[in-house]
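Quick note: numbers below take in every heavy atom, side chains included, and nothing from hydrogens, waters or symmetry partners. Letters go in sequence order (proteins before strands), and every chain restarts at 1.
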Amino acid sequence: MRINFWLLDINYEVKNHEPEIWLWGIDDLGRRILIIDKGFKSYFYAALENRVDPKEVIREINRGAFGFISEIEVVERKLMGKPIKALQIYCDDPELIPKYAKDIERIRGVKACFEDDIRYSMRYLIDMGIVPCGWHEVEVEKYEGNERWKIQVDEVYLAKSTPVFIERQDIPNLRILGFSIICYSREGTPKPERNPVVIISTVTNKGEEKQFIADDSKDDKPVLKAFMDYVKSFDPDIIVGYGVNKQDWEYLRERCRKHGFTLSVDRAMSEPHTSVYGHVSITGRANIDLYDFSDEFPEVKMKTLENLADYLGIMKMQERILIEDVEFADHWDDKDKRENLKRFSMDNARCIMGVTEAILDFAIQLSSLVGLPLDHIGTAAVGFRVEWFLIKHAHKRGELVPKRVEKQYVPYAGAIVLKPKPGLHENIAVLDFTAMYPNLMIRYNISPDTYLSPDDPMPPSGAYTAPEVGHKFRKDPPGFYKEVLSYLINVRDRIRSEMKKYPPDSLEYRLLNARQKAIKVITNASYGYAGWIGARWYIKPVAEAVTAWGRQTILETIKIAKEEGVEVIYGDTDSIFIRYDPEKARRLELKIYERIGLEIKPDKIYKRIFFTEAKKRYAGLLPDGKLDIVGLEVIRGDWAPIAKRVQENVLEVILKENSPQKAAEHVRRIIEDLKNKRIPYRDLVIWKTLTKPIEEDAVKAAHVEAAKMLMEKGWKLALGDKVGYVVVVGPGKLYEKAKPYIFASYDEIDVEYYIRNQVIPAAIRVLEFFGITEEQLLGRTSLKEAPTPKRLTDFF
DNA sequence: GCCTGGTCTCTACCC
DNA sequence: ACGGGTAGAGACCAGGCG
């Protein structure tokens, strides 16, 4: 019988050296199914030396101890664009491949082995053209194996044909379960060997909310059991949480083990287990950790669930009762406060479902575009997402996947940033090259397989030579990157015009929008990938040539602007900020396109914009009255909120009302409030990331000292965690005055520090350009005696 | 012993 | 575990100062 199914999850098993692919999916009728495919044979390549008789090598292999090699074929492939003869060696047991490859590499006549490091399940997806989160058609028969009983699906099938991808955009009606846990600990970070899980809150996308709560004894055995039963009965396709890959799943698993049973929440009677890229795999379902997608929202500095939910408009901070980790135990022990804790936990689960709605479409599209299963796609770093996308395409064009080899890091020159003209400017437009680096790669055919090393002969069709660095790239045929990037850019353009046919709130629009976003992410990451030392296709001259052509492009652009009589105020990498004159700008765009062959387009237009003397820091007023603040303290996560707020207000008053006096008065008021301790405590907390193992720092730093204090009290901190501290009164260096904010009290606060090192620097950064002095902000000098602006005399 | 200026370290940003 | 370019705070250190 033939069925259609949407692929949710994939895993494989090897029994007695016989592999089975398990495809977990949802069919046309909405039934949850498992399709077992026993027909796929894995393989790897042995690239041969020139002038070697393949038969000789095959004979040698056959003489060796490679019992599970079933077939060897002589094939023509390419390696970095160069034709190569290779043996395609099929192996019954995929798990023996790495070992076989290592041994065969030692045989004379074999240059190197390739693709022995591709996992069996990925090999299957790529070779069969199967797409995670995509629809497929397959011939099947019912499977009657005796392990059938322990698999929680509506039907188990045996594949009688290769599944074939079908172009179909719809997504089945998925069951999604979100959950959030609260653990009880009085000794810092909860540890599963001693601290119970007192609350588990769940929400489904069908609107059902539940809580599993321990009684006063805090025994979590019934909590865990009830949660497991509930998961089984709801039978979700997708399970979501926040931070679950690194915390919750392991915690739950350990608690269950402690009670003498296994955490069973999957569709095949196995425990959740950590797998590739650190994702936790729950067989038959897609486990998604929303935290893995928090990087998609760079505006959110502190990647907490409540911040993300607030930013996305799911649940505003004001609507929430926020309870810190340190307070959990106190809240639990107090019967009245416990209600708040329950509410807090429930809200967490609701936020999780809200965030899921915001990112799931994107995750699904990214998964199907890249080819990594839905539960891997989030945990895979950007470089690996690009790489899997490339691997998929390499297979299509007969290009062998290079091995990952360790290379030496040698830095290279990047982009050009212009010095801004400081001060206020009116009516400034930003012209941006669209996808500059990807388009340069297309334009000059920059790619690992088109690169001509200095001793390569010049091909008949000629080569492009990069400015400054002199790297050469053959003009023909189109390179790997050019092909892939042209495809991505074309598809995205098509999708974006298709989107116009639908209303923005329609299902179709949402889907297409998520698709084009996924394409954009991969396209934009391609240059970074090319320059990444860990990339399989890393060739330094490729990345170096891209930036060299980028520099030439922007310099040429500035030259053309000058010729056209357009004043350039600033520019960074692929943009120029110009005094706006619609006609001149239009002419400029055309001329740039004619001369350079790349498209530049107006992006933002500022009614007014302010630059300091520093690069990468400015603030502009947009036509809709919104402020666009770039690089300044306002948008940095490592300044006290009070300083950020003051600076934001200063910028707003300056840009909207052009009144330095008024801005300064506000700063003075805030300083007064600080002195009188009228500023909320939370606005004084400074957050910084731990980027090195504690004790390894070359210099003492405030946040590291605060981290040490936290750890002494039992709080576990990992690399990449943010530490919140306040500065308290006392002698010595700053790092001697820093204290974790959860341990300090308001009366200890060093108000003077916040005035001198937070509020004033943030405010004066802007106000000094308008003749305001520190003395004036401190109230020592009257605001009326405004001296001439120090820095601007040169320009006005 | 203390101030000063220069350098280094660390973090977070821009594109 | 995607790139380089950049700002700014604070730690650290050498040299000058008598």
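Taking atom CG of A/Asp750 as the reference point, atom P of C/dG10 lies 12 Å away to the nearest angstrom. As a whole-Å value, the separation of A/Leu372 CG from C/dA1 C1' is 15 Å. Between A/Asn757 atom CG and C/dG10 atom C1' the separation is 10 Å, expressed in whole Å. Distance CD1 (A/Ile416) to P (B/dC14): 20 Å, rounded to an integer number of Å. Look at CD1 on A/Ile629: it is 19 Å from P on B/dA12, rounded to the nearest Å.
For A/Ala381, the side-chain atoms get nearest to C/dC2 when compared with the rest of B/dT9, B/dA12, C/dC2. In the set B/dA12, C/dG8, B/dC15, C/dG8 carries the atom at the smallest distance from any side-chain atom of A/Arg617.
Within 4.0 Å of A/Ile635, counting heavy atoms only, lie sugar-phosphate atoms of the nucleic acid but no base atom. Nucleic acid contact for A/Ala702: none, since no nucleic acid atom lies under 4.0 Å from a heavy atom of the residue. Contacts of A/Phe577 with the nucleic acid, taken as non-hydrogen atoms under 4.0 Å apart, are absent.
A salt bridge links A/Asp572 with A/Lys616; the closest basic N to acidic carboxylate O contact falls under 4.0 Å.
For the pair A/Asn524 and A/Ala415, nearest-nucleotide mapping onto DNA chain C gives the more 5' position to A/Asn524.
Taking only side-chain nitrogens and oxygens, A/Arg756 never comes nearer than 4.0 Å to OP1 or OP2 of C/dG10.
No side-chain N or O of A/Tyr291 forms a donor-acceptor pair with one of A/Asn245 less than 3.5 Å apart. If you check the side chains of A/His471 and A/Glu544, you find a donor sitting under 3.5 Å from an acceptor.
Checking each of A/Phe480, A/Tyr529, A/Tyr481 against A/Trp537 for a ring pair (Phe, Tyr, Trp, His ring centres under 6.0 Å) leaves exactly one that passes, namely A/Phe480.
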